[in-house]
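Below, all heavy atoms of this structure are taken into account, side chains as well, without hydrogens, waters or symmetry copies.
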Amino acid sequence: MKKLRLFWSYQLVKTEEWLSQMAREGYHLNGFNHLTRVFSFIEGPCENVTYAIQIEKVEPSSGLINSGWHIVASSAKWQVLKNEESTISAFPSRDEIVKRTRLHAYLFLLITFLYLSLQMPVIIILGLASSVVSDQFVIAPLLMPIFISLVLIALTLFVFRAYRKFEKQEMDLEVVRISMGRKIRKIRLGWMYTPLQTKEWLEKLARQGLELESIYGAFFTFRETGAKNIIYEVSFEPSVNTTFFTIHKEMGWQLKYASNITWLNYSIWAIPYDDFEEVPAFTYDPKEKKRNVKKAFMMNAGLGTLVLLVCCQSFFININVMLDPFFEWSFMGILRSLLIVVIIMWIILYFKIIAGFRREMKMLKASQG
């Protein structure tokens, strides 16, 4: 028996559960093709088994074999492992699968962003041109680019949501919550651009009796728990592997916040300490601290430059291509006014990123002196 499963590689947990369910019904996997997405089964006795999927070029390690795992099907670098034990002590690594799914998610985002940034002005121009020529808006020439745009957006949303769900399961992204104490909310705009200043702000509030509970955008929620010695770390990593969060949690750090992406990832950690203890830190090396600040600055400055370039491209199109006056009382006129506002806001933010970086470097130099 053969079954088609189109998006199996983006829904691994569901695929593994599906394979186990098929085995309980007496259908056992004996092959699959990762390109055609077709799984082959043979009939046999009903069994309660566990399946796991991994990307690996070599045979399973001795640790996995001793735990009862063995390969039942493979295609290219993909391997489907089966375990008939009731208690399983070790599971296959997911590192390569997380990297692959992450790469696909961001490629879809990039392709969709580039396509929309290039096609939307064309769609608008064609629509306006058709209305000028025929005194009515002609939709037919726009159907194909609009259809492609909708398909790309749908696929991007699907892949990115599947990636984030899988990543949260594999990377232990559970955030520590506080259930006691009165809630107090504060706003801190642009906190990601000044990690050291945000760290000092959180530690100051902890000494005043406010312990961080959660973060949503620029909104920080605290609980009144009494004055405490708490060290915070605002961490930026270009990318994190599947063990990043687990390792820090095993060292006693509490995860307070993790951004929705693990490529260009921001996270906030906390750990309480006593007066007689050495103050905890992610790193005590001044050079490493400086590198971390520079990494965050380069990412923020790079994204700021990209956004400004896109806005300037749109501004150029509106100035040189559009036939209508730039400022007019119409829907397009309102959009152009909003574009000017967005450009001004991003220019201000860009200079704030640079100023924040300069201050962070001065703080590091002062702490070393």
Side-chain angles (χ1 to χ4, degrees), residues 106 113 185-208 210-212 214-222 229-240 244 248 253 255-271 273 278-315 339-369:
Y106 292 127
F113 176 79
R185 291 181 174 85
K186 293 180 179 290
I187 298 176
R188 188 173 179 87
L189 299 173
W191 63 268
M192 292 182 176
Y193 309 130
T194 54
L196 289 181
Q197 295 169 61
T198 302
K199 164 185 164 69
E200 289 193 352
W201 176 66
L202 292 171
E203 291 170 359
K204 180 181 177 182
L205 290 174
R207 292 192 294 271
Q208 296 173 357
L210 298 180
E211 184 175 353
L212 179 64
S214 62
I215 303 170
Y216 185 79
F219 296 90
F220 287 66
T221 301
F222 297 86
N229 288 330
I230 300 178
I231 284 294
Y232 288 91
E233 291 285 355
V234 181
S235 172
F236 167 76
E237 295 293 334
S239 64
V240 293
F244 174 80
H248 286 91
W253 290 92
L255 182 62
K256 294 293 185 177
Y257 168 82
S259 56
N260 284 329
I261 55 176
T262 51
W263 178 66
L264 306 180
N265 176 266
Y266 272 99
S267 58
I268 294 182
W269 300 82
I271 187 170
Y273 69 99
E278 182 182 21
V279 178
F282 267 23
T283 178
Y284 296 95
D285 183 4
K287 291 182 180 179
E288 183 67 23
K289 291 181 179 179
K290 186 179 292 187
R291 280 196 295 268
N292 291 337
V293 172
K294 286 183 177 179
K295 280 191 302 185
F297 168 71
M298 293 301 293
M299 188 276 291
N300 293 324
L303 287 180
T305 302
L306 177 62
V307 172
L308 281 175
L309 287 174
V310 172
C311 290
C312 290
Q313 178 201 30
S314 180
F315 182 79
L339 176 63
I340 296 294
V341 173
V342 169
I343 291 175
I344 293 173
M345 288 178 60
W346 270 101
I347 290 174
I348 294 172
L349 181 59
Y350 195 80
F351 282 103
K352 288 189 69 175
I353 291 172
I354 297 173
F357 171 69
R358 291 172 61 88
R359 185 175 178 184
E360 301 263 297
M361 297 302 289
K362 288 180 180 178
M363 292 172 62
L364 282 176
K365 188 175 181 180
S367 65
Q368 295 170 21

Side chain to side chain contact (heavy atoms under 4.5 Å, CB included) between Glu233 and His248, worked out: CA-CA 11 Å; Glu233 291 285 355; His248 286 91; over 6 Å; no
Can you measure from [atom1] ([X]) to [atom2] ([Y]) and round to the nearest 0.5 angstrom?
X: Ile268; Y: Leu212; atom1: CD1; atom2: CG; answer: 6.5 Å
X: Ile344; Y: Cys311; atom1: CD1; atom2: SG; answer: 11.5 Å
X: Cys312; Y: Ile347; atom1: SG; atom2: CD1; answer: 7.0 Å
X: Tyr257; Y: Ser214; atom1: OH; atom2: OG; answer: 11.0 Å
X: Asn229; Y: Ile271; atom1: CG; atom2: CD1; answer: 12.5 Å

Minimum heavy-atom distance [X]-[Y], with the two atoms named:
X: Leu308; Y: Ile343; result: CD2-O, 4.1 Å
X: Val310; Y: Phe113; result: CG2-CZ, 3.7 Å
X: Tyr284; Y: Val279; result: OH-O, 2.9 Å
X: Ile231; Y: Pro280; result: CG2-O, 3.5 Å
X: Ile230; Y: Ala270; result: CG2-CB, 3.9 Å
X: Ala218; Y: Leu189; result: CB-CD2, 3.8 Å

For [X] and [Y], indicate whether the former's side chain and the latter's backbone hold a donor-acceptor pair under 3.5 Å.
X: Lys289; Y: Leu364; answer: no
X: Trp191; Y: Gly217; answer: yes
X: Tyr232; Y: Ala206; answer: no

Salt bridge (charged side-chain N to carboxylate O under 4.0 Å, His left out) between Glu203 and Lys199, worked out: CA-CA 6 Å; Glu203 291 170 359; Lys199 164 185 164 69; 2.8 Å; yes
With heavy-atom distances below 4.5 Å as the criterion, would you say the side chains of [X] and [Y] are in contact?
X: Gln208; Y: Phe222; answer: no
X: Phe219; Y: Arg185; answer: no
X: Met192; Y: Met299; answer: no
X: Glu360; Y: Thr194; answer: yes
X: Lys186; Y: Leu205; answer: yes
X: Lys204; Y: Arg207; answer: yes

Residue that, paired with Phe357, satisfies ring pair (Phe, Tyr, Trp, His ring centres under 6.0 Å) out of Tyr350, Phe297, Tyr193: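 That would be Phe297.
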Residue from Phe244, Phe282, Trp269 passing ring pair (Phe, Tyr, Trp, His ring centres under 6.0 Å) with Trp253: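 Result for ring pair (Phe, Tyr, Trp, His ring centres under 6.0 Å) with Trp253: Phe282.
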Side chain to side chain contact (heavy atoms under 4.5 Å, CB included) between Asn292 and Thr283, worked out: CA-CA 10 Å; Asn292 291 337; Thr283 178; 4.2 Å; yes
Trace of the side chain to side chain contact (heavy atoms under 4.5 Å, CB included) decision for Phe220 with Leu202: CA-CA 10 Å; Phe220 287 66; Leu202 292 171; 4.1 Å; yes
[X], [atom1] atom: more than 12 neighbouring heavy atoms under 6.0 Å:
X: Lys352; atom1: NZ; value: no
X: Phe351; atom1: CZ; value: no
X: Tyr216; atom1: OH; value: no

